[in-house]
Number of protein chains: 2
Amino acid sequence: MKHQTAKPLSNTQRAIHELRELIFSGDLPAGSDHLESELATRLNMSRTPIREAALTLEGQGLLELRPRKGVRILPVSVEDMVEIYDVLTELESLSARRAAERNLNSIALTPLAKSIEDMENALVSGALEDWANADDLFHQELVNLAGNSRIKSIVSMMNDQVRRARSITLFMRPLPLKSNEDHRQVFEAIKSGDGERASLIHKRHRQNAKKLIVGLLEKHRLNKI
Amino acid sequence: MKHQTAKPLSNTQRAIHELRELIFSGDLPAGSDHLESELATRLNMSRTPIREAALTLEGQGLLELRPRKGVRILPVSVEDMVEIYDVLTELESLSARRAAERNLNSIALTPLAKSIEDMENALVSGALEDWANADDLFHQELVNLAGNSRIKSIVSMMNDQVRRARSITLFMRPLPLKSNEDHRQVFEAIKSGDGERASLIHKRHRQNAKKLIVGLLEKHRLNKI
DNA sequence: GCATTCATTAATGCATACGCAAATAAATGC
DNA sequence: GCATTTATTTGCGTATGCATTAATGAATGC
């Protein structure tokens, strides 16, 4: 049997996961404050694991512990988006370069190819949510292929921070046709071992995404999300 | 009066600071395990603030909480150094670019200039520790000037992780004459607003530093520090 | 009416307690 | 002796209680 008997997740871990879900779903809205005891009641546990979870999530930039005010869910401003996209742009384009340099065989590249296919299928059927998920996967696979665990965790943290903003703007965007074209080009560059090209194209791709999303936020006066 | 009546730092904060010091000083050596209760006794407080501090430091990649084994001080391998220097290289050279693009006046550039002077003075008098401190300051000032708070905190985290390795290899290195030349060139490029040049030179600078330090670690078989 | 001080409330920071599970030691069977 | 089971120890996860201190509102003086 490969399947472990499902070791029963600690309360702290549960709190981390459930709080993340509540934040991403907007159930705990950006900018809102919540007492530790309130969250404890809500998740049906004592304050201790809540505090521990909050400490962890604070380190991940999702919330802030303000003594006597409670836990504040951090809003993301346009300036934050600019900061985050700058970081993502650099680290992901380096990842593209490194991935290309590793001369990976097509088996290793399968997940990346799959994510591109998924995006294209989603586009055809107009399933934007699906497209966004596949897009996430593409970026995640890209940094996986580069094999730098720090980059992986930084990129995943930054993605978490912009998740709400991304899902809000998702339906305000034009169909991401160009985006898919970019992905395919990055993929080809990696496959052919051209690190410089993979890096350049991906960088341009991310810079465009930044412009697009920042533009949308400003246009719609969405300063704090 | 500008001076507050020195609000008495919480135990958790104290634990964070003191544990950091103990780690950097080698008092808690890389790879060593320590029970929460042991650390609590050592810092003269209960387990609660120790656990909270450990959670925070775990998020910063300095240690790991392993149930029943205690808190493990994370060693840094050569592979880790490569990962970290790759991240530092990218984010700092972007910072150099952004700093240059901001057309900062000489007042804003004073701290950076000062750090370069300090390094040169330290070199003349052969005070390697002082040189290292000034070097740290240069890199820190550089990211400050770029004005991206995420980059600032990532870079500072990564620097914390390599601090031990850096101080161990400090005395094995040749005099960092070339390094100082690089710093000055980066400074000039920033001052003249040439972002592309600032970025390129700094990137080269960091890549050299990476090669140097990785080479030293491998030569001296220092695999886990 | 406004500012200042005082009293009250309440949330946190931390110490402490305890059950459970993992690790270790002891004991048993072969 | 060695393997396997059972007993014991021990560290952690979590709940709980309390002192501290910030925030809020009431009361006082001007």
Side-chain angles (χ1 to χ4, degrees), chain A residues 1 3-23 27-74, chain B residues 1-23 27-29 31-74:
Chain A
M1 263 289 226
H3 197 61
Q4 295 285 351
T5 34
K7 116 174 62 169
L9 219 46
S10 80
N11 276 352
T12 302
Q13 291 304 313
R14 258 190 49 219
I16 292 175
H17 289 127
E18 299 193 10
L19 288 177
R20 282 171 55 94
E21 289 310 316
L22 289 172
I23 292 171
D27 229 329
L28 298 178
S32 60
D33 292 324
H34 308 273
L35 297 180
E36 293 174 2
S37 44
E38 170 204 331
L39 294 173
T41 312
R42 189 160 182 172
L43 300 195
N44 199 38
M45 54 184 75
S46 84
R47 275 178 53 223
T48 307
I50 294 290
R51 269 182 74 85
E52 296 195 351
L55 249 343
T56 301
L57 295 176
E58 181 174 50
Q60 299 177 7
L62 288 179
L63 49 82
E64 195 183 15
L65 286 165
R66 300 189 312 168
R68 326 224 138 238
K69 304 265 182 166
V71 171
R72 151 165 287 238
I73 311 303
L74 284 181
Chain B
M1 265 291 225
K2 186 156 196 184
H3 198 64
Q4 296 283 354
T5 34
K7 119 173 55 168
L9 217 46
S10 81
N11 276 355
T12 302
Q13 291 305 313
R14 257 189 49 217
I16 293 176
H17 289 127
E18 301 193 9
L19 288 177
R20 284 171 53 93
E21 289 310 316
L22 290 173
I23 293 171
D27 231 328
L28 298 178
S32 60
D33 291 326
H34 308 272
L35 298 181
E36 294 175 3
S37 44
E38 170 205 324
L39 294 173
T41 311
R42 189 160 181 169
L43 301 194
N44 200 38
M45 55 184 75
S46 84
R47 273 180 53 221
T48 309
I50 294 290
R51 268 182 76 84
E52 296 194 351
L55 250 344
T56 302
L57 295 177
E58 182 174 48
Q60 299 176 7
L62 289 180
L63 49 82
E64 197 183 15
L65 285 165
R66 301 190 312 170
R68 328 226 128 238
K69 305 266 184 167
V71 173
R72 149 166 289 235
I73 311 303
L74 284 180

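Convention: sequence-line order gives letters A, B, ...; per-chain numbering from 1.
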Practice task
Among residues two or more places apart or on two chains, list those pairs meeting salt bridge (Lys or Arg N to Asp or Glu O under 4.0 Å) that have a residue in residues 41-57 of chain A.
Solution key: Asp27(A)-Arg42(A), Glu36(A)-Arg47(A), Glu36(A)-Arg51(A), Arg51(A)-Glu52(B), Glu52(A)-Arg51(B)

Problem - Side-chain heavy-atom pair Leu22(A), Leu43(A) within 4.5 angstrom cut-off - result: yes

Handout entry: Whole-Å distance separating the CD atom of Glu38(B) from the P atom of dC12(D)
Key = 10 Å

Exercise for the section: Summarise protein proximity over nucleotides 12-18 of chain C in one line of letters, 5' to 3': B for base, S for sugar-phosphate only, - for none, counting protein heavy atoms closer than 4.0 Å. Expected result: BBSBBB-

Practice task
Answer yes or no: is there a side-chain heavy-atom contact under 4.5 Å between Asp33(A) and Arg66(A)?
Solution key: yes

Problem - Approximate separation, where rounding is to 0.5 Å, of Leu19(B) CG and Ile73(B) CD1 - result: 7.5 Å

Practice task
Nearest whole angstrom, please: distance from the C1' of dT14(D) to the CG of Leu55(B).
Solution key: 13 Å

Practice task
State, with a plain yes or no, whether a side-chain heavy atom of Leu9(A) is found less than 4.5 Å away from one of His17(A).
Solution key: yes

